[in-house]
Amino acid sequence: MKNLFTFLLIMSTVYSSYSQERDVNLYPTNDEVDFNVNGFFINGSLFTQNTRLVKRDSEHGAAFDRTIDQYGIGIRVGNKFHKKTNKKYSPGIKIAWLRLDFGLSYDFDFSAAIAPIHLGFSNLWKLSKTRSIEFNVNTGYVWNVNNGWYNSISVQSEVIFSYKKGVYGLGYEYNYGVRIGYRGNLNQHKVKLIIGIR
């Protein structure tokens, strides 16, 4: 009985030590958290998009109404500015200076999107010294080329996981545009797989 009690005491001590070490590694204290996340970023993306194009004739109503599914690649460059704090959460601003997207359908319908400046909010939680997760929302102007030219406004949301210098995430974007030179509009939904560096 004495040997059993001694064995249980040793196992309890070992488990307690392991648990404390594990908690320190998974949940760093405020002193261990360093929000060194400001600066330049570059992201690439693979996306699928669904676009409805409507061209209206002034006399006969909708003369052209078409839905196109496309797949493509994109690139985005910008800067992030987060409030310096020793806490695990840090609010900030994210600016994309330029974004380029190129898509193609199975019927070889080509599309391009050029976005000069997108501005939004970034909410970042530090998981450890090398890992973090972000929830971002931004908006801005987009010049779309897709069976015509469209001026559009884009709203994007994304979830980004960062490990050291690499970033990986998922994003959703909605575009509403007005056709240049004609009565018509563009409604577009886009889902992205994001990979990049910061």
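The structure presented is a predicted model; accordingly, all values stated were derived computationally and were not measured.
- Checked against side chain to side chain donor-acceptor pair (under 3.5 Å), Tyr174 has the following partners two or more places apart in sequence or in another chain: Asn187.
- With hydrophobic clusters built from ILVMFWY side chains whose heavy atoms lie under 4.5 angstrom apart, Phe102 shares a cluster with Leu98.
- Note on Ile114 and Val145: same hydrophobic cluster, where clusters join Ile, Leu, Val, Met, Phe, Trp and Tyr whose side-chain heavy atoms are under 4.5 Å apart, directly or indirectly.
- Between the side chains of His118 and Thr139, no donor N or O sits under 3.5 Å from an acceptor N or O.
- The minimum heavy-atom distance linking Ala113 with Val142 is given by the pair CB-CG1, 3.8 Å.
- Ser162 is linked by a side chain to side chain contact (heavy atoms under 4.5 Å, CB included) to Ser132, Glu134, Ile160, Val167, Arg198, counting only residues two or more places apart in sequence or in another chain.
- The structure places OG of Ser152 at 4.0 Å from CG of Asn144, a figure rounded to the nearest 0.5 Å.
- Both tests do not hold together for Lys80 against Phe40: distance to the six-membered ring centre under 6.0 Å, angle to the ring axis within 45°.
- Among residues at least two apart or in separate chains, ring-ring contact (aromatic ring centres under 6.0 Å, His included) pairs with a member in residues 144-168 are Trp143-Trp149.
- One side chain, Lys192 or Gln156, offers a donor N or O that lies under 3.5 Å from an acceptor on the other.
- Following chains of ILVMFWY side-chain contacts shorter than 4.5 Å, one cannot reach Ile194 starting from Val191, and the two form parts of different hydrophobic clusters.
- With sequence neighbours excluded, no residue forms a salt bridge (Lys or Arg N to Asp or Glu O under 4.0 Å) with Asp69.
- A cation-pi arrangement is found for Lys190 relative to Phe47, the charged atom lying closer than 6.0 Å to the ring centre and inside a 45° cone about the ring normal.
- Side-chain contact, Gln70 with Asn146: a donor N or O sits under 3.5 Å from an acceptor N or O.
- Other residues, nucleotides and ligands contribute more than 12 heavy atoms inside 6.0 Å of the OH atom of Tyr172.
- The CG atom of Asn50 sits 12.0 Å away from atom OG of Ser105, with the distance rounded to the nearest 0.5 Å.
- Taking CG of Asp101 as the reference point, atom CD1 of Ile75 lies at 10.0 Å (rounded to 0.5 Å).
- Between Asn185 atom CG and Asn151 atom CG the span is 13.0 Å, to the nearest 0.5 Å.
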Worked verdict on Ile68 versus Leu53 for side chain to side chain contact (heavy atoms under 4.5 Å, CB included): CA-CA 8 Å; Ile68 305 173; Leu53 305 170; 3.8 Å; yes
Working for side chain to side chain contact (heavy atoms under 4.5 Å, CB included), residues Ile117 and Tyr141: CA-CA 7 Å; Ile117 295 179; Tyr141 167 79; over 6 Å; no
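- Partners of Thr51 by side chain to side chain donor-acceptor pair (under 3.5 Å), not counting sequence neighbours, listed by chain and number: Gln188.
- Note that CG of Leu124 and CD1 of Ile133 are 9.0 Å apart. Values are rounded to the nearest 0.5 Å.
- Considering all non-hydrogen atoms of both residues, Asn147 and Arg179 come closest at O-NH1, 2.8 Å.
- Sequence neighbours left out, the pairs with a member in residues 105-123 that pass salt bridge (charged side-chain N to carboxylate O under 4.0 Å, His left out) are Arg66-Asp109.
- Remark: Tyr106 engages Tyr71 in a ring pair (Phe, Tyr, Trp, His ring centres under 6.0 Å) (not counting sequence neighbours).
- Between atom CD1 of residue Ile153 and atom CG of residue Asn175 there is a gap of 9.0 Å, rounded to the nearest 0.5 Å.
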Worked check of side chain to side chain contact (heavy atoms under 4.5 Å, CB included) between Leu119 and Ile93: CA-CA 7 Å; Leu119 177 65; Ile93 295 174; 3.5 Å; yes
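- For Phe135, the ring pair (Phe, Tyr, Trp, His ring centres under 6.0 Å) partners two or more places apart in sequence, or in a different chain, are Trp125.
- Contact of the Pro91 side chain with the His82 side chain is not registered, since no non-hydrogen atoms from C-beta on lie closer than 4.5 Å.
- Shown here are the side chain to side chain donor-acceptor pair (under 3.5 Å) partners of Ser154, two or more places apart in sequence or in another chain: Glu173.
- With sequence neighbours excluded, the residues that form a salt bridge (Lys or Arg N to Asp or Glu O under 4.0 Å) with Arg76 are Glu158.
- Here Leu104 pairs with Phe108, Phe110 under the side chain to side chain contact (heavy atoms under 4.5 Å, CB included) rule; sequence neighbours left out.
- The number of heavy-atom neighbours closer than 6.0 Å to CD1 of Ile73, taken from other residues, nucleotides and ligands shown, is 12 or below.
- Val178 is linked by a side chain to side chain contact (heavy atoms under 4.5 Å, CB included) to Tyr176, counting only residues two or more places apart in sequence or in another chain.
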